[in-house]
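Data first, discussion second: the structure below is written as structure tokens.
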Amino acid sequence: MIEVPTNLRHELDCAIDVARIAGELVLDLRKEFTQKLKPDGSIVTSADLASADLIRARLQAEFPRDAILTEEDVDDDSRLGFNRCWIVDPIDGTTAYVSGSDDFDIYIALVEHGIPVVAVTHQPVFCRTIATAAKSGVWLGHEAAWQAIAFPLAATPPVIVTRHWLGAPANLQWITDLALRIDARAMRAGSGISPRTFLATGVDAIIGRSATDQPISAKEWDIAPLDLIVREAGGWSSDLLGRPLVFNKPNPVFPSGILLARTHSLGEKIIGAIAQ
């Protein structure tokens, strides 16, 4: 049983339940789905849309006074007038889903006053759920069994990764130079970035930085669950100026980049090197 503050118990239970139901749905739809390109060139499938519909309907029924922001819905600016907003990626890793890879998740986070307070990621193929609420630690679940988890200590030397939607390959030289200043290694990740990344060895920090005047491609629904899960596991989450990430903004992007690190000390060390 996950130990959660009473005021967030129902929210976390609901997020876990609907993420798992959505996971079953997208697995069923994997047998036959349609796909098309969105205006930004990314792929959306009928499974993404069905998952978004299912999650939205459940959250609206359970929390009618909350706003909802999902990747697949038309953004409604009225959400900015709400103190609480659910931020949802109905399939994080659509390209992997389409290709037949298992590297995709359902992402759900609840934000209060711009800060995530509930976060759930669910990997449907292996039924692995990572869940947390503010001041609750991080929990890994499979079916009804839960265990508290923490991210292992950073490797020596630590490995800093980025990815195409985090600014690669244009940002790689900047990250490589940064890594050299703290005796770390830099590389471009070949797979998705999720909380599961920090449970395995080989990745110690994730940087999103644009090499142009445009923000990185990552949006709030890509990052909101990671922000809380990483912090509750004892790690670091901030922009590249060391400031907390803020969500439910008018434009759900990150103009000052992002940094996620598996330990707080590594995050501080990277921010210090950036400031030099």
Side-chain angles (χ1 to χ4, degrees), residues 2 12-36 38 42-59 70-72 86-109 118-132 138-152 161 163-166 188-203 206 218-219 221-230 232-233 260 262:
I2 302 177
L12 182 61
D13 286 345
C14 180
I16 292 170
D17 187 51
V18 72
R20 288 177 166 179
I21 294 171
E24 293 174 359
L25 174 65
V26 301
L27 287 182
D28 288 341
L29 293 176
R30 205 173 193 185
K31 303 167 188 173
E32 185 176 357
F33 60 85
T34 59
Q35 66 184 77
K36 62 181 180 180
K38 294 190 286 189
S42 62
I43 300 172
V44 63
T45 71
S46 52
D48 291 90
L49 300 176
S51 177
D53 289 345
L54 184 155
I55 295 170
R56 185 191 328 102
R58 174 67 179 277
L59 294 178
T70 88
E71 180 178 9
E72 307 307 343
W86 292 89
I87 300 180
V88 177
D89 192 342
I91 300 180
D92 182 80
T94 300
T95 301
Y97 178 84
V98 169
S99 70
S101 167
D102 297 335
D103 191 22
F104 63 93
D105 300 79
I106 312 296
Y107 277 10
I108 301 176
V118 167
V120 172
T121 69
H122 178 65
Q123 204 289 327
V125 177
F126 302 105
C127 199
R128 296 184 73 195
T129 308
I130 299 176
T132 187
V138 180
W139 298 77
L140 175 65
H142 185 273
E143 302 297 341
W146 291 95
Q147 66 181 84
I149 59 172
F151 297 145
V161 304
R163 204 163 184 246
H164 66 90
W165 51 274
L166 296 173
R188 180 175 178 175
S191 59
I193 301 294
S194 76
R196 291 181 288 108
T197 303
F198 287 120
L199 288 175
T201 58
V203 173
I206 300 166
K219 302 295 194 298
W221 45 79
D222 299 309
I223 304 299
L226 281 76
D227 172 80
L228 182 61
I229 289 170
V230 167
E232 285 292 320
L260 303 167
R262 70 166 63 238

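Residue numbers count from 1 along this sequence.
Atoms CG and CD, on L54 and E24 in that order, are 10.0 Å from each other to the nearest 0.5 Å. The structure places CG of D17 at 4.5 Å from CZ of R58, a figure rounded to the nearest 0.5 Å. Atom CD1 of I229 is separated from atom OH of Y107 by 7.5 Å, given to the nearest 0.5 angstrom. Rounding to the nearest 0.5 angstrom, the gap separating the CD1 atom in I87 from the CD1 atom in I108 is 12.0 Å. Of the inter-residue distances, the one linking H142 atom NE2 with Q147 atom CD reads 11.5 Å to the nearest 0.5 angstrom. Within the model, atoms CG of L49 and OG1 of T70 stand 9.0 Å from one another, a figure rounded to the nearest 0.5 Å.
Ion pairing between D103 and R196 holds under the 4.0 Å rule for side-chain N and carboxylate O.
Using modelled atom types, no side-chain atom of R262 and backbone atom of A233 make a donor-acceptor pair closer than 3.5 Å. Judged purely by atom type and a 3.5 angstrom limit, R20 has no side-chain atom pairing as donor or acceptor with the backbone of H122. With S46 contributing its side chain and F33 its backbone, the two residues share no donor-acceptor pair below 3.5 Å. Under the 3.5 Å distance criterion, the side-chain polar atoms of S51 are matched with a main-chain donor or acceptor of P90. Judged by distance alone, with hydrogens and angles left aside, the side-chain atoms of R128 form no donor-acceptor pair with the main-chain N or O of L140 at under 3.5 Å.
Residues V120 and A19 come closest through the heavy atom pair CG1-CB, 3.9 Å. Contact record, I16 with A131: CD1-CB, 3.9 Å, taken as the closest heavy-atom pair. Among all heavy-atom pairs drawn from D222 and K219, the shortest one is OD2-N, 2.7 Å. Nearest heavy-atom pair across I43 and K38 is O-CE, 4.3 Å. Residues T121 and P195 come closest through the heavy atom pair CG2-CG, 3.8 Å. W139 approaches A148 most closely through the heavy-atom pair CE3-N, 3.5 Å.
A 4.5 Å side-chain heavy-atom check between E72 and V44 finds at least one atom pair inside the cut-off.
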- [ ] May I have the step-by-step check of side chain to side chain contact (heavy atoms under 4.5 Å, CB included) for F198 and L226, ending in yes or no?
- [x] CA-CA 10 Å; F198 287 120; L226 281 76; 5.6 Å; no

TODO: Show the numbers, then the answer: is there a side chain to side chain contact (heavy atoms under 4.5 Å, CB included) between T45 and L29?
DONE: CA-CA 10 Å; T45 71; L29 293 176; over 6 Å; no

Open item on the list: I130 vs D105, test: side chain to side chain contact (heavy atoms under 4.5 Å, CB included). Steps then yes/no.
Closed with: CA-CA 10 Å; I130 299 176; D105 300 79; over 6 Å; no

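Note: F104 and Y97 have perpendicular aromatic rings, judged against thresholds of 30 and 60 degrees for the angle between ring planes.
Partner of V203 under the side-chain contact (heavy atoms from CB on, under 4.5 Å) criterion, out of I193, V161, L260: V161 alone.
D48 and T94 are linked by a side-chain donor-acceptor pair at a separation below 3.5 angstrom, with hydrogens and angles left out of the test.
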